[in-house]
> 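Pasting a structure below so you can have a look.
Below, read A as the first sequence line, B as the second, and so on, with proteins coming before strands; counting in each chain starts at 1.
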Number of protein chains: 2
Amino acid sequence: MARAATTLDAFNAVAEPRRRAIIDVLADGERPVNDLVERLGMTQPQVSKHLRVLREVGLVSAHADGRRRIYRLEGRALRPIHDWVKEYERAWEERFSALDEVLAEMQEDEGEA
Amino acid sequence: MARAATTLDAFNAVAEPRRRAIIDVLADGERPVNDLVERLGMTQPQVSKHLRVLREVGLVSAHADGRRRIYRLEGRALRPIHDWVKEYERAWEERFSALDEVLAEMQEDEGEA
DNA sequence: TTGACATATTCCTATATGCGTATATATTGG
DNA sequence: CCAATATATACGCATATAGGAATATGTCAA
């Protein structure tokens with residue numbers, strides 16, 4: 001078996017640094033392909049191919065504007081990643097002392113009840 | 001060129017679902033390899049190989065305990081992922097929609113007036 | 001229609017993968 | 001030392017990749 005497809009989910013799509021770079025640029029607003037090409041210094045086919053992957057996992061959407069295609073970030077597709085990794089946030093937030101952790105958990109339990 | 005190495009960074013290491021599963025189990029506390037094997041229903045070599053990848057990106061550490069090796073989660077290696085994805089959090093928190101933001105600001109201004 | 005522009009797709013190749021199976025490398029108990 | 005246990009590594013395989021180059025598709029302008 002080979003590695004999972006990049007188009008399997010956001011985790012795989014986003015593992016590629018160039019695709020994260022594209023996402024970061026699109027975070028400032030929608031852009032045509034050529035803008036990304038210039039801004040990122042990658043070749044046009046590469047950008048188009050990366051955009052295809054991002055489209056297939058729902059991370060970007062596109063609409064036509066004349067002969068151009070405007071790409072827009074669909075940030076909510078990043079949510080599964082955020083939700084998963086957030087669980088581990090306290091691992092590096094040392095302000096969560098042992099006591100704080102207990103208190104936080106107690107509050108969480110209350111919230112769930 | 002092929003895909004980036006899974007050991008390149010946490011993004012790539014974590015793209016594999018089985019490795020996330022290992023991380024999720026280790027979140028409850030350190031465990032020897034065999035525990036992971038039983039708990040996750042994967043073969044022992046597979047677990048060892050996934051652990052190797054996780055070790056190489058600093059996501060887990062290991063120490064010997066007799067003939068066993070106890071693996072521990074190093075959650076702070078997930079921080080780059082968290083930091084990156086957190087930037088996009090408001091994309092799905094609809095309470096931060098553009099309109100809501102404007103309305104909230106107007107109300108704040110009224111209150112101050 | 002023709003040509004220029006914008007984007008997508010195809011073909012090629014080297015490469016790293018994840019899994020299975022088999023085997024190597026500790027470490028312990030007797 | 002030997003056998004048993006625990007883990008790591010090696011080998012073979014099918015597969016999907018990222019990049020480059022070339023080309024196809026689509027759209028506008030005159």
> Quick check: any donor-acceptor pair below 3.5 Å linking the side-chain of B/K49 to the base of C/dG18?
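No, no donor-acceptor pair under 3.5 Å.
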> Can you check whether A/Y71 has a side-chain N or O nearer than 4.0 Å to OP1 or OP2 of C/dA6?
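The answer is no; no side-chain N or O of A/Y71 sits under 4.0 Å from OP1 or OP2.
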> To the side chain of A/Q46, which of D/dA8, D/dG19, C/dG18 is closest?
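Within the option list, the nearest is D/dG19.
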> Looking only at heavy atoms, which two atoms of B/R3 and A/A4 are closest? And how far apart?
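Closest pair (atom of B/R3, atom of A/A4, distance): NH1-O, 2.6 Å.
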> For a quick test of reading the model, state the closest non-hydrogen atom pair linking A/F11 to A/P80 and the distance between them.
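Smallest interatomic distance, heavy atoms only, reads CZ-O, 3.9 Å.
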> Once you round it to whole Å, what is the distance between C1' of C/dA26 and CD1 of B/I70?
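Interatomic distance, CD1 of B/I70 to C1' of C/dA26: 15 Å.
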> Separation of A/N12 atom CG from C/dA16 atom P, in whole Å?
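In whole Å, C/dA16 P and A/N12 CG are 18 Å from each other.
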> Whole Å only: how far is the NE2 atom of B/H50 from the C1' atom of D/dT9?
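Atom-to-atom, B/H50 to D/dT9, this comes out as 15 Å.
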> Considering the options B/L59, B/D24, B/I81, which one meets the side chain to side chain contact (heavy atoms under 4.5 Å, CB included) requirement together with A/Y88?
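Of the listed residues B/L59, B/D24, B/I81, the side chain to side chain contact (heavy atoms under 4.5 Å, CB included) partner of A/Y88 is B/D24.
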> Judged by modelled atom types alone, do A/R19 and A/H50 share a side-chain donor-acceptor pair under 3.5 Å?
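Looking only at side-chain atoms, A/H50 and A/R19 do form a donor-acceptor pair, the distance falling under 3.5 Å.
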> How close do B/A15 and B/R20 get, counting heavy atoms only, and between which atoms?
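Reported closest heavy-atom pair: O-NH1, 3.3 Å.
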> Please say which of A/H82, A/E89, A/E87 ends up in a side chain to side chain donor-acceptor pair (under 3.5 Å) with B/H82.
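Running side chain to side chain donor-acceptor pair (under 3.5 Å) over A/H82, A/E89, A/E87 with B/H82 returns exactly one hit, A/E89.
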> Take atom CD of A/E56 and atom C1' of D/dA18, then tell me their distance rounded to the nearest Å.
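Rounding to the nearest Å, CD of A/E56 and C1' of D/dA18 are 15 Å apart.
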> If only side-chain N and O atoms of A/S48 are considered, is one of them under 4.0 Å from the OP1 or OP2 phosphate oxygen of C/dT7?
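No, no such contact exists.
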> Rounded to the nearest Å, what distance is computed from the CZ atom of residue A/R69 to the C1' atom of nucleotide C/dA8?
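The distance from CZ of A/R69 to C1' of C/dA8 comes to 9 Å, rounded to the nearest Å.
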> Starting the side chain at C-beta, find the nucleotide from C/dA16, D/dT15, C/dA8 nearest to B/A2.
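Nearest to the side chain of B/A2 among the choices is C/dA16.
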> Could you check whether A/P32 gets within reach of a base, just the sugar-phosphate, or nothing at all, counting any heavy atom under 4.0 Å?
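Result for A/P32 = sugar-phosphate.
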> By nearest nucleotide on DNA chain D, pick out whichever of A/E16 and A/D65 is the more 5' one.
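In this pair, the answer is A/E16.
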> Let me know the distance between CZ of B/R52 and C1' of D/dT7, rounded to the nearest Å.
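Between C1' of D/dT7 and CZ of B/R52: 13 Å.
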> How close or far is atom C1' of C/dC12 from atom CE of B/M1, stated in whole angstroms?
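In whole Å, C/dC12 C1' lies 16 Å from B/M1 CE.
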> Can you find a side chain N or O atom of A/R3 that sits less than 4.0 Å from OP1 or OP2 on C/dT15?
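No, no such contact exists.
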> For A/M42 and B/V47, find the nucleotide of DNA chain D closest to each by heavy atoms; which residue's nucleotide sits nearer the 5' end?
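Checking each residue's closest nucleotide, the 5'-ward one belongs to B/V47.
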> Just to confirm, is there a sub-4.0 Å distance from OP1 or OP2 of C/dC5 to any side-chain nitrogen or oxygen of A/N34?
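So the side-chain polar atoms of A/N34 never come under 4.0 Å of the phosphate oxygens OP1 or OP2 of C/dC5.
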> Any donor-acceptor pair, under 3.5 Å, between the side chain of B/Q44 and the base of D/dA6, if you only look at N and O atoms?
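Answer no: no donor N or O sits under 3.5 Å from an acceptor.
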> Rounding to a whole Å, what distance do you find between A/L8:CG and D/dT15:P?
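Distance check: A/L8 CG to D/dT15 P gives 17 Å.
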> Among C/dC5, D/dA18, D/dA8, which is the nearest nucleotide to the side chain of A/R67?
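When the side chain of A/R67 is considered, C/dC5 is the closest of C/dC5, D/dA18, D/dA8.
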> Can you identify which nucleotide, out of D/dA16, C/dT9, D/dG20, has its nearest atom closest to the A/A5 side chain?
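In terms of side-chain proximity for A/A5, the closest of D/dA16, C/dT9, D/dG20 is D/dA16.
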> Do any side-chain nitrogens or oxygens of A/R68 fall under 4.0 Å of OP1 or OP2 in D/dG26?
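A/R68 to D/dG26 OP1/OP2: no side-chain N or O under 4.0 Å.
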